[in-house]
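Data first, discussion second: the structure below is written as structure tokens.
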Amino acid sequence: MKIPEDVIEQVRSQVNIVDVVSQYVQLKQSGKNLFGLCPFHEERTPSFSVSEDKQIFHCFSCGRGGNVFKFMMEIENLSFPEAVKKVAEMEHLDVDSKYFTDAAPASRETSEQKQLIELHEQAVKLYHHILINTKMGESALDYLHHRGVNDETIDLYQLGYAPQQRLLKPFFDERQADYQLLRKSGLFSETQDGKLRDRFVDRVMYPIRNGTGQTVAFSGRLLAKDSDMPKYLNSPETELFNKRKILFNLDLARPNIRSKQPALLFEGFMDVISAYQGGIKSGIASMGTSLTEQQIYDIQRITREVIVCYDGDAPGQKAIKRAIDAFKQTDHQLDLKVVSIPDGMDPDEFIRNRGADKFQTLLQHAQSPVDFDLNYLKQEANLKTEEGQAAYISEALKLISTISSGISQDLYLNRLADSFSIDKQVLKQQLQPLIRKNVTKRANHQIPAAQPVNQSPQKRDKVTVAQMQLLNRMLHNHDVWVKVSGISGFSFVDEQYQMLYLLAEGYFSKFDQYNVATFSNLITEDSLQTLLIDIDMMNLPEEPSPMEIDNDLDVIMNRAPVETKIKKKQAELKQASKIGDVDKQRQLMVDLLKLEQQKRTKEQV
């Protein structure tokens, strides 16, 4: 059943797009609009804009734009009915479920991708059932309970068990699952003769979900001791799963991070799960690899506060150092802090042994990256020799020179001078050239400013500008609409503008007032929706002048046809040159000269 237009508009009008988008993007007020890092492509300077007045979003870099439903379709790969349903649920609006029973799946997400996700979701249910309800799963359940994981948390994360007896392949065989689909899923390994066998055997199973909560992979923790097999085994890279792009638990952590909790970056799944169970719900983890630029970007999109909470042992400290360096390389704009877990413990172990409250205290006393780096340098240095001390001081000054605050620099110099009984002025003299070097380096690598709101990433010709400007005026100003629509034989030059014009006629037959968010609901074609938002986001004077409208009409109705003829003749001339038709070339040159003269005459009018 098609959702009635009045129901769609009822949902849209009761929702503030800022509230919805803010759950996925960190927004900051700038002028009339709010800006943030685009969730649809990687960027370092915010070009993603949300207009609360117009209830639309628009990225000035990648061009995506639309109303709240369009945003949900793009961000979570939903069809339009699915997006309406999702928005209504997010805002706790009561909409009759009969409108969503036949909701078509999103066309952008391929059928194969949906089928692969469905395979994973079925595998989650099977593994979880085996863990909770069967004798085969008792040892795995005992292991999790011994690790302090309660049944509520097991259900929340849908933890499971892949038994020694391979059951997943027979499970899918009974359901007549497609062989090629199973091959691509990553859930099976393939023998030389093409047979598929369960990849995960005798392992506690941790489902890995993407940012929208869909299971795309697994990580399995081996139960057997003294085995030659790896302790942890992840799904291989597939069409769904790229470990460099996934952050474990992001789907559950995001709402808590958006409610002003810092993002806690852990190393392992159990660290995240133990913290969540202890009420610390903003934890995420990378997939057993060094932190990637994509993962840092995804974090920066939703928060400015990050606390790195890696293991307290020597490998953990090295991992913290790598993470800090990774953040530095991305020119991040984050308030980054570091927690040092005492006694070489990992976060999971600390929470289980000393409690979540004590861990919260550690978070409250998190140190700056500079403090961590200075301590790390000190542990690595040989401070018993003068050469070792000099080397440490030299590296410490390099770190201090990266601090932007002069007061903080001074405080660190005091500590360094006291620690080694050195004249502070001597240290200051050595620090100054390092500061100048960093200033020069930052200037050379300065990120370009965000695209101004009144500009488009691409240059536009006169005809395009005239069409965009005139249609903007027609939509927002009834007098202009009446004037242009009353011109006999008027039409826009390009089909897409003419199509928007015709759709607008239908819109105004139902609505008296123009609202871009409401109008966009009538547009099903992505390219037209994007064009509409581009048109609506033009930065024009509030009221049009008669000269502006007349000039746009002249370009569209008089100059544009000449331009079209010139382009056609140029194409014909190129073809005549290819085949060596000299007479044709001569005639076309005469025609082009006449058209160019006609064009110049019109431009001078």
Side-chain angles (χ1 to χ4, degrees), residues 23-24 26 144 147-150 152-159 204 206-213 215 217 219 221 232 234 243 245-292 294-312 316 319-320 322-324 326-327 332 334-342 345-367:
Q23 296 185 40
Y24 300 85
Q26 184 177 215
L144 288 169
R147 292 287 302 263
V149 185
N150 61 37
E152 184 180 350
T153 302
I154 289 171
D155 283 340
L156 175 67
Y157 283 93
Q158 286 290 287
L159 303 183
V204 176
Y206 298 87
I208 299 168
R209 299 184 298 272
N210 60 20
T212 60
T215 304
S219 183
R221 203 277 187 191
Y232 280 94
N234 291 339
K243 64 183 179 183
K245 296 180 179 179
I246 292 285
L247 285 164
F248 178 76
N249 200 53
L250 181 61
D251 59 314
L252 294 181
R254 185 194 286 113
N256 302 288
I257 295 171
R258 294 301 307 136
S259 64
K260 304 306 180 186
Q261 295 179 34
L264 308 181
L265 186 60
F266 293 105
E267 272 190 287
F269 304 144
M270 282 306 302
D271 298 330
V272 173
I273 292 170
S274 290
Y276 201 101
Q277 185 172 287
I280 303 166
K281 299 184 176 182
S282 59
I284 51 180
S286 55
M287 295 297 306
T289 59
S290 296
L291 204 60
T292 67
Q294 176 66 48
Q295 290 166 335
I296 292 172
Y297 174 74
D298 287 342
I299 294 168
Q300 190 174 338
R301 240 187 339 103
I302 58 174
T303 186
R304 294 213 177 277
E305 294 183 82
V306 178
I307 302 178
V308 181
C309 312
Y310 287 179
D311 297 356
I320 292 173
R322 288 196 302 272
I324 291 173
F327 277 107
H332 69 85
L334 295 167
D335 177 11
L336 189 64
K337 292 182 179 176
V338 177
V339 162
S340 291
I341 312 292
M345 289 192 281
D346 59 44
D348 168 42
E349 188 180 5
F350 184 91
I351 292 169
R352 282 189 287 117
N353 291 335
R354 303 191 186 179
D357 290 344
K358 288 282 196 303
F359 189 75
Q360 284 279 22
T361 303
L362 286 182
L363 296 177
Q364 291 164 11
H365 293 89
Q367 59 185 175

inquiry  = If the condition is salt bridge (charged side-chain N to carboxylate O under 4.0 Å, His left out), which residues does D251 pass it with, not counting sequence neighbours?
reply    = R209
task = Take Q300 and L334 through the side chain to side chain contact (heavy atoms under 4.5 Å, CB included) test and state the conclusion after the steps.
result = CA-CA 7 Å; Q300 190 174 338; L334 295 167; 4.1 Å; yes
message = The criterion is ring pair (Phe, Tyr, Trp, His ring centres under 6.0 Å); which residues satisfy it with Y24, sequence neighbours excluded?
response = F71
ask   = Taking all atoms of both residues into account, what is the closest heavy-atom pair of P207 and F248, and its distance?
value = O-CE1, 3.6 Å
inquiry  = Let's go through V272 and L252 carefully: what are the C-alpha distance in whole Å and the side-chain angles of both, what is the deciding distance for side chain to side chain contact (heavy atoms under 4.5 Å, CB included) to 0.1 Å, and is it a yes or a no?
reply    = CA-CA 11 Å; V272 173; L252 294 181; over 6 Å; no
ask   = Of L362, D271, L363, I280, which is the lone residue that meets side-chain contact (heavy atoms from CB on, under 4.5 Å) with C309?
value = L363
inquiry  = For the NZ atom of K243 and the OG1 atom of T292, what is their distance to the nearest 0.5 Å?
reply    = 11.0 Å
key: Inter-residue atom distance R301.CZ - I296.CD1, 0.5 Å rounding   = 14.0 Å
task = Can you establish whether the number of heavy atoms outside E152 located under 6.0 Å from its atom CD is more than 12?
result = no
note = Between I320 and the options V338, L265, V339, the side-chain contact (heavy atoms from CB on, under 4.5 Å) test singles out V338
note = All heavy atoms of A366 vs all of K337, minimum pair found to be CB-CB, 3.8 Å
ask   = Do D311 and P347 touch side chain to side chain, with heavy atoms closer than 4.5 Å?
value = yes
ask   = Got a second to check how far I302's CD1 is from R258's CZ, nearest 0.5 Å?
value = 7.5 Å
request  = Find the distance between CD (E305) and CG (D335) and round it off to the nearest 0.5 Å.
outcome  = 5.5 Å
key: Any residue meeting ring pair (Phe, Tyr, Trp, His ring centres under 6.0 Å) with Y157, in chain and number order, not counting sequence neighbours   = Y276
query = When you measure from the side chain of Q277 to the backbone N and O of G148, does any donor-acceptor pair fall under 3.5 Å?
reply = yes
query = Is there a donor-acceptor contact under 3.5 Å from the side chain of Q23 to the main chain of R254?
reply = no
query = Mind checking whether F350 and P342 have side chains closer than 4.5 Å, heavy atoms only?
reply = yes
ask   = M287 and Q295: which non-hydrogen atoms are nearest, and at how many Å?
value = N-NE2, 4.2 Å
task = For the pair N256 (side chain) and K281 (backbone), establish whether a donor and an acceptor sit closer than 3.5 Å, ignoring hydrogens and angles.
result = yes
query = Distance-only, no hydrogens or angles: does the S282 side chain make a donor-acceptor pair with backbone N or O of I257 under 3.5 Å?
reply = no
inquiry  = For a quick test of reading the model, state the closest non-hydrogen atom pair linking S219 to I208 and the distance between them.
reply    = N-CD1, 3.7 Å
Any pair counted as salt bridge (charged side-chain N to carboxylate O under 4.0 Å, His left out), so long as it reaches residues 351-367, sequence neighbours left out = D343-R354, D348-R352
inquiry  = As an exercise, state the distance from CG of L250 to OG1 of T212, rounded to the nearest 0.5 Å.
reply    = 9.5 Å
remark   = In terms of heavy-atom contacts, A253 and G283 come closest through CB-O, 3.6 Å
request  = Start with the C-alpha gap between I246 and N210, add the side-chain angles, then the distance that decides, and say whether side chain to side chain contact (heavy atoms under 4.5 Å, CB included) holds.
outcome  = CA-CA 6 Å; I246 292 285; N210 60 20; 4.2 Å; yes
message = My understanding is that only residues two or more places apart in sequence, or in another chain, count here; which of them pass salt bridge (charged side-chain N to carboxylate O under 4.0 Å, His left out) with D346?
response = none
message = Applying ring pair (Phe, Tyr, Trp, His ring centres under 6.0 Å), can you list everything that pairs with Y206, at least two apart in sequence or on another chain?
response = F269
task = Look up atom CD1 in I273 and atom CG in L156, then write down how far apart they are to the nearest 0.5 Å.
result = 9.0 Å
query = What pair of heavy atoms forms the shortest contact from L291 to A326, and how long is it?
reply = O-CB, 4.0 Å
